[in-house]
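Written below as structure tokens is the structure these notes are about.
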Amino acid sequence: MRVTGRLAPSPTGAQHVGNARTYLIAWLAARSRGGRVVLRIEDIDTWRNKPGAAEQALEDLRWLGLDWDDEPWVQLQRLPVYRSALEELKARNRVYPCTCTRSDILAAASAPHAADLGGPVYPGTCAHRTPADANRLDRPFAWRFRASEPPAFTDLYCGEIHVAPALAGGDFVVWRNDDMPAYQLAVVVDDAAQGITEVVRGDDLIPSTPRQLMLYQALGLTPPRFAHVPMVVGPDGKRLAKRHGDTRLSQLRDSGVSPQSLVGLLAWSCGWQTDDRPVSPSALLSLFQWASIPSQPFVLTEERVAGLLP
Ligand code: GLU
């Protein structure tokens, strides 16, 4: 089967150097084997969307020298498709309506919080309900998936991964109480529909993968392979943020940084070249390999950013 990878920006803000590194790896992983790359705008968390950020993300990707096949998909244009996946989960009795508020869940939870997944393991308060009970509810409700033990998986980059139930366990929301799909459902439906064979993304999303694997199984879909790559962090070891200085790609571009300088730095950080000399993504196609990418996060210092300036 032909390799198909994807770039899946969220238009929730500007794309920065950390995003660029993951996109470069994802693009090279597919293109270096003659694979396809598709693009998808993940905009269903509408309250987080920033005007113009989707167009900006496409411009940033093109500036970097990355390309894609087909027209970009936009999640907000695909709501009926996600809804029919929800209907299928209802028909298979894999979801139940949940009226718990965030504070109900916090009050009932004994497990530690899994910050990346937006809360503690769900204590099962509404798990006695069936899909038909939804008709009798007079409050807003979410649809929660009846989860199993988080399945282990073999990551293309990290190897065997077992996510602890305290992090990925518990029934999770697939349809939000504002009547919109949740990330976990939309991403699975789209990765399957776009024929993605390899998902390359930041390792902050590892706890989501067992959940997504459960959804593939429940929907009778074939899962892709996953590769979770280390993030870019600031000198304090924390995920790249504003306090680490301006690493937005649009800002670098406006300051006269050439995309080849940035790609050169990223290529060096991935061990594909011995120094950070400027290079284009297509010149890296024959040099791409997983094995040389360090397992530690890449520390982006201000000096390294300054070194990109003309
Ligand atoms: N849209 C997500 C992001 O920009 C990526 C989700 C995924 O790769 O599954 O962080």
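Note that the coordinates shown come from a computational prediction; the quantities given were computed from them, not determined experimentally. As the structure lists them, so they are numbered: ligands from 1, and atoms in each ligand from 1.
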If you define the side chain from C-beta out and look only at heavy atoms, does anything of Tyr82 sit under 4.5 Å from Asp190? yes
Write out the protein residues near ligand 1, meaning a non-hydrogen atom under 4.0 Å from one of its atoms, in order of chain and number. Arg6, Ala8, Ser10, Glu42, Tyr183, Val187, Arg201, Leu205
Side-chain donor-acceptor pairs of residues 162-175 under 3.5 Å, sequence neighbours excluded:
| from | atom 1 | to | atom 2 | distance (Å) |
| --- | --- | --- | --- | --- |
| Asp171 | OD1 | Ala147 | N | 2.8 |
| Asp171 | OD2 | Tyr96 | OH | 2.6 |
| Trp175 | NE1 | Asp179 | OD1 | 2.9 |

Name all residues meeting the salt bridge (Lys or Arg N to Asp or Glu O under 4.0 Å) criterion together with Arg48; count only those two or more places apart in sequence or in a different chain, and write none if there are none. Asp45
Applying side chain to side chain donor-acceptor pair (under 3.5 Å), can you list everything that pairs with Glu71, at least two apart in sequence or on another chain? none
Using 30° and 60° as the class limits, which term best fits the ring planes of Tyr157 and Trp290: parallel, tilted or perpendicular? tilted
Once rounded to the nearest 0.5 Å, what's the spacing between atom OH of Tyr183 and atom CD of Gln75? 9.0 Å
